[in-house]
Number of protein chains: 2
Amino acid sequence: MTDGPAERASRRGRPGYDLDSLLTVAVRVFNERGYDGTSMEDLASRLGITKSAIYHHVAGKEELLRLSVDRALDQLFAVVNEPEAQRGPAIDRLEYVVRRSIAVLVDELPFVTLLLRVRGNTAAERRALARRREFDRLVSDLVERAESEGSIRRDVDPALTSRLLFGMLNSIIEWYRPRRGLTAVDLADAFVKIAFDGLRSRPDAPLSPAPDPGQTGSPAGA
Amino acid sequence: MTDGPAERASRRGRPGYDLDSLLTVAVRVFNERGYDGTSMEDLASRLGITKSAIYHHVAGKEELLRLSVDRALDQLFAVVNEPEAQRGPAIDRLEYVVRRSIAVLVDELPFVTLLLRVRGNTAAERRALARRREFDRLVSDLVERAESEGSIRRDVDPALTSRLLFGMLNSIIEWYRPRRGLTAVDLADAFVKIAFDGLRSRPDAPLSPAPDPGQTGSPAGA
DNA sequence: CCTACCGATCGGTAGG
DNA sequence: CCTACCGATCGGTAGG
């Protein structure tokens with residue numbers, strides 16, 4: 001009896017954008033030209049509709065930004081609230097959060113990209129930055145706990161370790177593109193190796209139980 | 001370019017900005033508001049002069065960008081051309097380039113920040129991106145060489161290792177601020193530990209790097 | 001002839 | 001979702 005949101009749009013009224021498909025296009029343009037550098041006219045011409053039509057869906061440019069970065073933030077917060085991130089040794093929880101964050105980053109690449117480029121010039125941007133800082137603090141607490149449990153090196157400050165770890169993770173948005181032969185799981189495997197055990201080869205150290213010898217996880221470069 | 005900004009200009013004509021001191025202010029504003037989001041009027045009011053006066057020094061906004069990113073790029077290329085980056089084991093050369101790049105990043109933080117935020121919307125931006133890619137290729141070659149020499153782990157693709165390594169390095173601009181108790185050398189020391197040996201504590205491995213006796217790495221000068 | 005600007009205004013385009 | 005607009009501001013240039 002009650003039609004779903006997509007149902008309603010397709011049955012009644014003109015065919016056109018719903019909020020989700022509009023956001024998908026808007027985020028792509030924001031990432032190409034920068035949020036500040038994108039005019040509502042840019043968005044309208046890319047969407048194939050007029051500027052005013054956009055205001056049918058959202059109150060303005062800032063709401064487009066808010067809805068977009070919240071989509072990324074909601075999924076990242078969901079990760080740290082999953083049971084695997086809440087119990088067990090902190091080092092395992094940290095690895096879990098890292099792997100799941102990479103999955104979110106890959107699945108929602110344009111939205112996470114936009115989130116990471118927010119600078120804080122407007123209210124919506126400052127709101128996004130505040131939520132980011134809250135996420136960073138949760139991760140930082142996890143790193144600190146892992147250090148006090150003795151599973152993370154004690155000769156580097158936990159806050160610094162946390163920043164470098166997620167700095168490396170976030171940098172993935174700069175070059176990762178799907179459909180280039182590197183899956184999210186292969187990427188996460190390689191990332192965890194580099195981050196947790198370093199890029200140096202250590203012939204004297206015992207290898208982890210049967211690291212798959214078949215694939216090297218080559219990312220088809222460029 | 002070691003003379004004080006106002007020294008040279010104080011002899012003839014009005015006291016005012018020379019190109020260097022103008023760039024210092026311009027880059028700061030670009031980083032605050034974004035390059036696209038910065039108007040010439042923004043720059044003028046921050047400088048305390050009129051818009052027209054800026055055109056006395058440069059041909060336009062794009063030239064301000066070009067001069068700024070070239071300052072960062074020139075120093076980064078200088079690093080890979082230093083003798084310590086040209087001879088010896090590739091792993092040592094890589095560590096040297098990492099330490100010196102961190103020193104450049106810290107010394108020229110606003111200029112490197114601007115460089116890393118360039119997106120390619122204008123000709124000057126695309127030119128900067130091309131030079132960045134050239135630098136990245138030099139580093140990537142070094143990582144590949146270190147892997148073929150057996151000093152870097154073989155179970156991760158060198159191009160991927162290189163991207164993660166410099167992704168982590170570049171992320172320093174997001175949070176590092178001078179005068180907060182973390183010197184560039186301390187930062188580089190911690191960075192090299194995390195990047196080369198990983199964040200995991202390894203009670204079974206010797207504390208000091210065992211495989212290569214002698215030096216632990218080049219102290220990067222700064 | 002130089003350096004270092006000023007006050008005013010150009011044709012177009014921004015978000016709403 | 002469109003047409004017809006607004007107040008303001010954009011990057012850049014004129015003569016002095």
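Numbered from 1 within each chain, the chains take letters A, B, ... in sequence-line order. Side chains are part of it too, since the values below use all heavy atoms of this structure and drop only hydrogens, waters and symmetry mates.
Residue A:Ala53 places its side chain closer to D:dC1 than to any other of C:dC6, D:dC1, C:dG15. The listed nucleotides are C:dG16, C:dC6, D:dC1; the one nearest the side chain of B:Ile49 is C:dC6.
What separates OH of A:Tyr35 from C1' of C:dG15 is a distance of 10 Å, to the nearest Å. Summarising the geometry, the separation between CG on A:Leu43 and C1' on C:dG16 is reported as 14 Å, rounded to the nearest angstrom. Here C:dT9 presents its P atom at 16 Å from CD of B:Glu41, a figure rounded to the nearest Å. To the nearest angstrom, P of C:dC10 lies 17 Å from OH of B:Tyr55. Protein atom CG of A:Asp42 is 11 Å distant from nucleotide atom C1' of C:dT13, rounded to whole Å. The CE-P distance, from B:Met40 to C:dG12, rounds to 20 Å in whole Å. When the P atom of D:dG11 is taken as reference, atom NE2 of B:His57 falls 18 Å away, rounded to whole Å.
Shown are B:Val25, B:Leu64, B:Leu22; of these, the side chain to side chain contact (heavy atoms under 4.5 Å, CB included) with B:Leu43 is made only by B:Leu64.
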*Might you work through the salt bridge (charged side-chain N to carboxylate O under 4.0 Å, His left out) test for A:Arg28 and A:Glu32, ending with a clear yes or no?*
CA-CA 6 Å; A:Arg28 186 150 42 213; A:Glu32 285 173 13; 5.3 Å; no
_Go through it in stages, so that I can follow the logic: the residues are B:Phe30 and B:Arg117, the test is side-chain contact (heavy atoms from CB on, under 4.5 Å), and I'd like the CA-CA distance, side-chain angles, deciding distance and then a yes or no._
CA-CA 10 Å; B:Phe30 286 157; B:Arg117 291 192 183 157; over 6 Å; no
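DNA chain C forms no stem, meaning no run of 3 or more consecutive Watson-Crick or G-U wobble pairs whose two key distances fall under 3.5 Å.
Remark: B:Arg119 CZ is packed, more than 12 non-hydrogen atoms of other residues, nucleotides or ligands lying under 6.0 Å away.
Partners of B:Arg132 according to the side-chain hydrogen bond (donor to acceptor under 3.5 Å, both in side chains) rule, which considers only residues two or more places apart in sequence or in another chain, do not exist here. Shown here are the side-chain hydrogen bond (donor to acceptor under 3.5 Å, both in side chains) partners of A:Glu108, two or more places apart in sequence or in another chain: A:Arg71, A:Gln75. Residues satisfying the ring-ring contact (aromatic ring centres under 6.0 Å, His included) criterion with B:Phe111, sequence neighbours excluded, are absent altogether.
Looking at residues 58-68 of chain B, you'll see that no heavy atom sits under 4.0 Å from any atom of DNA chain C.
Panel note: side chain A:Asp189, backbone A:Asp186; no donor-acceptor pair is recorded below 3.5 Å.
Spacing of P atoms, D:dG16 relative to C:dA4, comes out at 22 Å, to the nearest Å.
Here the CG atom belonging to B:Leu182 is positioned 9.0 Å from the CD1 atom belonging to B:Ile172, to the nearest 0.5 angstrom.
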Pairs: protein N or O with nucleotides 3-5 of chain D N or O, under 3.5 Å:
residue, atom, partner, partner atom, Å
D:dT3, O4, A:Ser52, OG, 2.7

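Counting heavy atoms from C-beta outward, B:Val106 and B:Pro178 have side chains that stay 4.5 Å or more apart. The closest side-chain heavy-atom distance from A:Asp18 to A:Ser21 is below 4.5 Å.
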